[in-house]
Asker: 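My questions will all concern the structure given below.
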Amino acid sequence: MYRHHGNLYIYVYIYTSPESRVLFFPYSLLSYNLSCSPPLAPDGSCDVWRSLQNGSSLLVIWKELDHRSARGKILSYQVTYIHGREEEDELPCCNVSLPAPATHVCVRARNSEGLGPPACTPPLCADRTFLDCNIHGDSSNRIRVLCKDPVIASPLLSFVVEWRAQREDLKMELDWTRTRVVNETLVLPGDFTPGTPYHVSVYVLYSNSCITGFSTEVYSREEVPTASPKFTSHILSPGSVLVSWEEIPKWHKRGAITHYSIYVRSADHLQDHPVSNGSGNKTLSGLSTGTVYTVWMTASTSAGEGQPGAQKTFQTSAGHRHRVPLIVAVVVNVLFVCGAILCFCDCKISLWPKVPKPEVKFKQFFMASSVTVWQPPQVK
């Protein structure tokens, strides 16, 4: 192998014995002429995207430049933007948080020979859902996107499909891909976690604007829920109870909740009441009076039913038919006590009128009506 006038020549020899050798030319070529180009600045631009974070900051993210476009080792990325005045930062790969009002954000890759061409973020997208899209997970733990061709008046540059995982620790994992294809299924690249909700949005990019065409929440593959709803129970009557529940947190659903189930068990019977998949309440009627019940709830997805949650116990009251004898007994006892008090209490006020005896009345009348007989004095 030797170099001559910038060209690298490679010769291949085959030794037939220690003393002799044969010159071998692979593929019937006399030599491989490898051009040795001088180092150059990157000739490719980055794939840049942005996301508004709670209205307070603008997250600018970009993908690492591939080795063919990099033309050597990428040392840093230059980020320029306008926020009152033009700003410039030299950063490693591959994101930066800027003030929310920042505009004209562009990113350029730098190697030892200079800067590559800029790639600028599109403006923030207006919300106007108008695309007809079907986004779903499949059995191979992938997410598929199919959008129909929209009726668009202005020139269309491309579609951007963005997805972000929603986790309990609130750590954002945002990714995106670009496509010009419509009416064909797009399989999103990357690895997805089963049972994790992903917020997927489809944006339509024009030459000077951006529109949010479609958004939804999807799972690459559904799992059974890892939690059950929190609930309370309140007895309404001897034979009914009101059960109220809350929706389980998003990261515990592990899939799209199809329904919740309320289980009510007595000593000899078990009832299952399917209810809606959101927060709500339900009145359970037809319960036996004077009975102890145990109640619990579960959540279900297309993958199956989750584990039961905490159990609660309540007892229905005895009911009206058992109250009547008790009320009668209480009334009788009260009347008996009152009668005893009236009989044995020495009261000055007569409660009952005194009826005179007939013989006494007659004697009084006779004595009042009797006349003393006058007798004249005797004459002597």
Side-chain angles (χ1 to χ4, degrees), residues 45-64 76-108 118-133 135 143 145 147 150 152 154 156-179 188 190 192-193 196-220 246-253 256 278-279:
S45 57
C46 304
D47 185 1
V48 184
W49 190 238
R50 80 288 169 276
S51 176
L52 191 63
Q53 303 296 298
N54 300 321
S56 59
S57 63
L58 183 69
L59 176 66
V60 179
I61 50 180
W62 60 92
K63 296 181 179 180
E64 189 174 3
S76 62
Y77 292 86
Q78 183 192 78
V79 179
T80 58
Y81 60 95
I82 295 177
H83 182 231
R85 59 187 180 87
E86 187 173 357
E87 303 282 352
E88 178 181 314
D89 290 325
E90 203 76 20
L91 302 167
C93 195
C94 285
N95 64 79
V96 62
S97 183
L98 302 178
T103 60
H104 299 82
V105 182
C106 298
V107 179
R108 304 173 71 184
C120 300
T121 64
L124 294 177
C125 299
D127 291 328
R128 194 184 73 187
T129 302
F130 66 97
L131 289 178
D132 183 8
C133 298
I135 303 177
I143 295 179
V145 179
C147 293
I152 301 174
S154 55
L156 172 66
L157 292 181
S158 63
F159 293 96
V160 172
V161 182
E162 175 197 272
W163 63 95
R164 64 182 72 196
Q166 302 183 41
R167 304 186 186 276
E168 186 174 2
D169 57 8
L170 302 181
K171 181 180 179 181
M172 187 188 69
E173 298 178 7
L174 188 147
D175 204 348
W176 72 98
T177 188
R178 300 175 187 268
T179 181
L188 299 184
F192 298 92
T193 305
T196 297
Y198 289 87
H199 186 82
V200 182
S201 298
V202 180
Y203 301 98
V204 182
L205 299 185
Y206 301 100
S207 57
N208 57 359
S209 64
C210 172
I211 295 177
T212 304
F214 188 85
S215 293
T216 189
E217 185 177 281
V218 69
Y219 294 83
S220 60
E246 301 176 359
E247 188 175 8
I248 63 177
K250 181 178 297 184
W251 43 84
H252 290 314
K253 292 181 178 180
S279 59

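Residue numbers start at 1 and run along the sequence shown. Predicted, not measured: the structure shown is a model, and the values here were computed from it.
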Asker: State, to 0.1 Å, how close Thr196 and Gln166 come at their nearest heavy-atom pair, and which atoms those are.
Answerer: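 For Thr196 versus Gln166, the nearest heavy atoms are CG2-O, 4.1 Å.
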Asker: Looking at side-chain heavy atoms only, is the closest gap between Leu124 and Leu58 below 4.5 Å?
Answerer: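 Touching, per the 4.5 Å side-chain cut-off.
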Asker: Hey, mind stepping through Val161 and Leu188 against side chain to side chain contact (heavy atoms under 4.5 Å, CB included) and telling me if it holds?
Answerer: CA-CA 8 Å; Val161 182; Leu188 299 184; 3.7 Å; yes
Asker: Looking at Arg50 and Pro123, would you say the former's side chain and the latter's main chain have a donor-acceptor pair under 3.5 Å?
Answerer: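 Checked: pair present.
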Asker: Any salt bridge between Asp175 and Arg164, counting N to O under 4.0 Å?
Answerer: no
Asker: Is the shortest side-chain heavy-atom distance between Val160 and Thr177 below 4.5 Å?
Answerer: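 Val160 vs Thr177: side chains apart.
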Asker: Return each pair, listed once, that meets salt bridge (charged side-chain N to carboxylate O under 4.0 Å, His left out) where at least one residue sits in residues 200-215; pairs must be two or more places apart or across chains.
Answerer: none
Asker: Are Cys46 and Arg108 packed together at the side-chain level, in the sense that at least one heavy-atom pair is separated by less than 4.5 angstrom?
Answerer: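 No. Closest side-chain heavy atoms not under 4.5 Å.
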Asker: Identify the two heavy atoms, one from Val204 and one from Phe159, that lie closest to each other, and give their separation to 0.1 Å.
Answerer: CG2-CE2, 3.6 Å
Asker: For a quick test of reading the model, state the closest non-hydrogen atom pair linking Ser220 to Thr193 and the distance between them.
Answerer: OG-O, 3.6 Å
Asker: Using distance only, find each side-chain donor-acceptor pair of residues 210-217 under 3.5 Å and give its atom names and separation, not counting sequence neighbours.
Answerer:
| from | atom 1 | to | atom 2 | distance (Å) |
| --- | --- | --- | --- | --- |
| Thr212 | OG1 | Asp127 | OD1 | 3.3 |
| Ser215 | OG | Ser201 | OG | 2.9 |
| Glu217 | OE1 | Lys250 | NZ | 3.3 |

Asker: Is any side-chain heavy atom of Cys120 less than 4.5 Å from a side-chain heavy atom of Val48?
Answerer: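 Cys120 vs Val48: side chains apart.
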Asker: Check whether more than 12 heavy atoms from other residues, nucleotides or ligands sit under 6.0 Å from atom NE2 of His199, and answer yes or no.
Answerer: yes
Asker: Of all the heavy-atom pairs spanning Cys106 and Pro118, show the shortest one and how long it is.
Answerer: CB-CB, 4.3 Å
Asker: Test side chain to side chain contact (heavy atoms under 4.5 Å, CB included) on Trp163 and Ile143 and set out the steps.
Answerer: CA-CA 10 Å; Trp163 63 95; Ile143 295 179; 5.8 Å; no
Asker: Could you give me the CA-CA distance, side-chain angles and deciding distance for Trp62 and Asp47, then say whether side chain to side chain contact (heavy atoms under 4.5 Å, CB included) is met?
Answerer: CA-CA 5 Å; Trp62 60 92; Asp47 185 1; over 6 Å; no
Asker: Please find out if less than 6.0 Å separates the ring center of Tyr219 from that of Tyr198.
Answerer: no
Asker: Tell me, do Trp49 and Thr121 make a side-chain contact under 4.5 Å, heavy atoms counted?
Answerer: no
Asker: Cation-pi check for Trp176 against Lys63: NZ or CZ below 6.0 Å from the six-membered ring centre and within 45 degrees of the axis, yes or no?
Answerer: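 That pair qualifies as a cation-pi contact.
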Asker: When you compare the side chain of Tyr203 with that of Arg178, does any pair of heavy atoms fall below 4.5 Å?
Answerer: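 No, too far: nothing below the 4.5 Å cut-off.
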Asker: Applying side chain to side chain contact (heavy atoms under 4.5 Å, CB included) to Val200 and Glu162, what does each step give before you reach the verdict?
Answerer: CA-CA 6 Å; Val200 182; Glu162 175 197 272; over 6 Å; no
Asker: Of the non-hydrogen atoms in Leu52 and Ser57, which two are nearest, and what is the gap between them?
Answerer: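 Closest heavy-atom pair between Leu52 and Ser57: CD1-O, 3.5 Å.
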Asker: For Glu246 versus Ser279, what's the shortest heavy-atom pair and its separation?
Answerer: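 Taking every non-hydrogen atom into account, CA-CB, 4.1 Å.
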Asker: Only distances under 3.5 Å count here; give the side-chain donor-acceptor pairs of residues 84-98 to other protein atoms, sequence neighbours excluded, each with its distance to 0.1 Å.
Answerer:
| from | atom 1 | to | atom 2 | distance (Å) |
| --- | --- | --- | --- | --- |
| Glu88 | OE2 | Gln78 | NE2 | 3.2 |
| Glu90 | OE2 | Ser76 | OG | 2.7 |
| Glu90 | OE2 | Arg110 | NE | 2.7 |

